[in-house]
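Encoded as structure tokens, the structure appears first; notes follow it.
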Amino acid sequence: MSLLTLPSLADPHVHLREPGSENKEDFFTGTCAALAGGYTALLDMPNNPQPTISQLALEEKRNLAATKIVCDVGFNFGALPDNLAEYAAIAPKVAGLKAYLGETHGPLVFGGLTEIMEVFAAWPPAPEYAGKPILIHAEGQMVAAVIGLAALYDRKIHICHLSKKSELNLVRAAKARGFKVTCEVAPHHLFLTYEDAAPGSLGPYGKMSPALQNSTDVDALWQGLVEGSIDMVATDHAPHTCAEKESDKPPFGVPGLETAFGLLYRAACQQRSGLTVARLLEVMAYAPRRVFGLPPNAGEFEIDPKEEYTFTNTGLFTKCAWTPFAGMKGRGRIRQVRLRGAVVFEDGQVLAAPGSGKILF
Ligand code: DOR
Ligand code: ZN
Ligand code: ZN
């Protein structure tokens, strides 16, 4: 068996759930899942039950994470129209500012035009942070609105989890005009359609925000990923327990850290839509680090490039212990992950000590 060594991956969009939802995930289990999936750097999202919208909440997260993480973790700060005064103090300590706009759920959502304009005017709080983007959770027309605001205010925006062809067309047009727009796509929007979320199929386990779309959208996303309009893959790792998913009101979100590489590597071996291994490394390792200003990659991982396997709900490191990709195939089994010269994962075992990961920023 000859192994292939690759630069370790970086995921700019995960929900590690701590503090407040440790029943779903915590900093240790989430970063173990990352290593098992070939990732050594993550950016965590602010939508905890007590959202990361104050300096105090950010400090609490950083302190909690510092003793538990087994890979490197940075944080995004939550935008609200009434926390603009916090931006100056937190800007050096975060990757970017996350704005949940429009029609999703939870206490971090806002949508009035006046409020959104205030956030665009206030971020970045100083020119030296101009490289740090506003990350946008938005769909449909709201994507057009934020692209317009990025142009008006000359701001850098990053559109999270594109799911529709129409949104991709907006991003293409914005890039053609030279606007400072980047975007990501999630594996579930590349490998699943709304039909997979039907009652007899994934049912609530296929429910996420944005929702799964049709095959025309999926084909467009693949084209965008391969041609370069889509800058990167982000898992939007959003674990929820099986009990929550099977409840009367299942929450939105699916885990993704342990399945993304296998899915994408298999697709590259099949040259799906023309995807190459070089492009895979650009969208899963290089682009996230470049766009979000992460330190140079200090990790690598070894795979068996020939081994195909089937994803199952057993043996996962994520606390939620399920995957929407169970029964689907991956390729390139991850044998070993190294970070700063140390073997941190090998043959299904996490070897890194809690707290050995670094806080980014
Ligand atoms: O599917 C989603 N899950 N979309 C979101 O916007 C939030 C996320 C979560 O935190 O579970
Ligand atoms: Zn989102
Ligand atoms: Zn998310």
Side-chain angles (χ1 to χ4, degrees), residues 11-27 29-30 33-34 39 42-53 61 73-80 95-111 133-140 142-143 146 157-164 167 182-192 194 196-197 202-213 232-245 247 249-257 260 288 292 318-320 322-325:
D11 190 342
H13 187 155
V14 301
H15 301 263
L16 297 178
R17 303 298 193 204
E18 198 173 346
S21 298
E22 293 85 350
N23 61 321
K24 303 172 196 275
E25 196 78 286
D26 61 47
F27 282 124
T29 57
Y39 290 90
L42 307 175
L43 295 181
D44 181 52
M45 286 299 177
N47 67 331
N48 300 69
Q50 301 281 338
T52 319
I53 51 175
K61 254 193 181 179
V73 176
F75 297 99
N76 289 305
F77 195 69
L80 280 177
L97 181 74
K98 176 78 185 278
Y100 289 85
L101 304 180
E103 63 281 302
T104 53
H105 48 103
L108 264 190
V109 181
F110 64 104
I134 305 175
L135 297 90
I136 308 281
H137 178 122
E139 289 185 60
M142 192 61 96
V143 174
V146 292
I157 62 168
H158 175 80
I159 300 174
C160 297
H161 42 48
L162 277 198
S163 67
K164 300 186 195 75
E167 296 163 354
T182 56
C183 68
E184 64 186 39
V185 66
H188 43 267
H189 292 126
L190 289 171
F191 289 93
L192 302 171
Y194 72 92
D196 294 303
L202 285 171
Y205 294 95
K207 195 175 165 192
M208 72 289 287
S209 169
L212 297 172
Q213 306 294 325
M232 64 190 79
V233 169
T235 66
D236 196 3
H237 180 81
H240 298 285
T241 66
C242 291
E244 291 165 334
K245 280 294 199 183
S247 71
K249 222 171 170 288
F252 296 93
V254 297
L257 281 167
F292 291 96
T318 177
K319 208 184 268 186
C320 74
W322 61 273
T323 165
F325 303 109

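Indexing begins at 1, ligand by ligand and atom by atom, following the structure's order.
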Q.
Quick check on the Zn ion (ligand 3): does His13 put an N/O/S atom closer than 2.8 Å to it?
A. yes
Q. Does His137 put an N, O or S atom under 2.8 Å from the Zn ion (ligand 3)?
A. no
Any atoms of ligand 1 less than 4.0 Å from a non-hydrogen atom of [X]? List them with their elements.
{"X": "His240", "answer": "11 (O)"}
{"X": "Met208", "answer": "1 (O)"}
{"X": "Phe252", "answer": "1 (O), 2 (C), 3 (N), 9 (C), 11 (O)"}
{"X": "Asn47", "answer": "7 (C), 9 (C), 10 (O)"}
{"X": "Ala238", "answer": "3 (N), 8 (C), 9 (C), 11 (O)"}

Has [X] got a side-chain atom pairing as donor or acceptor with [Y]'s backbone, closer than 3.5 angstrom?
{"X": "Glu167", "Y": "Gly140", "value": "yes"}
{"X": "Asn76", "Y": "Gly96", "value": "yes"}
{"X": "Lys98", "Y": "Ile134", "value": "no"}
{"X": "Lys245", "Y": "Gly253", "value": "yes"}
{"X": "Gln213", "Y": "Ser163", "value": "no"}

Q. Once the angle between the rings of His13 and His161 is folded into 0 to 90°, is it parallel (under 30°), tilted (30 to 60°) or perpendicular (over 60°)?
A. tilted
Q.
So for ligand 1, is Ser209 a polar contact partner (N or O within less than 3.5 Å, distance only)?
A. yes
Q. Picking from Glu25, His15, Arg17, what satisfies side-chain hydrogen bond (donor to acceptor under 3.5 Å, both in side chains) with His240?
A. Arg17
(Q) If we check side-chain hydrogen bond (donor to acceptor under 3.5 Å, both in side chains) with Lys319, which of these qualifies: Thr29, Asp26, Thr241? (A) Asp26
(Q) Measuring from atom OG1 of Thr52 to atom CG of Asn47, what distance do you get when rounded to the nearest 0.5 angstrom? (A) 8.0 Å
For ligand 1, indicate whether the residue [X] contacts it via side chain, backbone, both or neither (heavy-atom separation under 4.0 Å).
{"X": "His137", "result": "side chain"}
{"X": "Arg17", "result": "side chain"}
{"X": "Val254", "result": "neither"}

**Q.** Which N, O or S atom of Asp236 lies nearest to the Zn ion (ligand 3), by name
**A.** OD1
Q.
Report whether any nitrogen, oxygen or sulfur of Cys160 sits less than 2.8 Å from the Zn ion (ligand 2) (N, O or S, backbone or side chain).
A. no
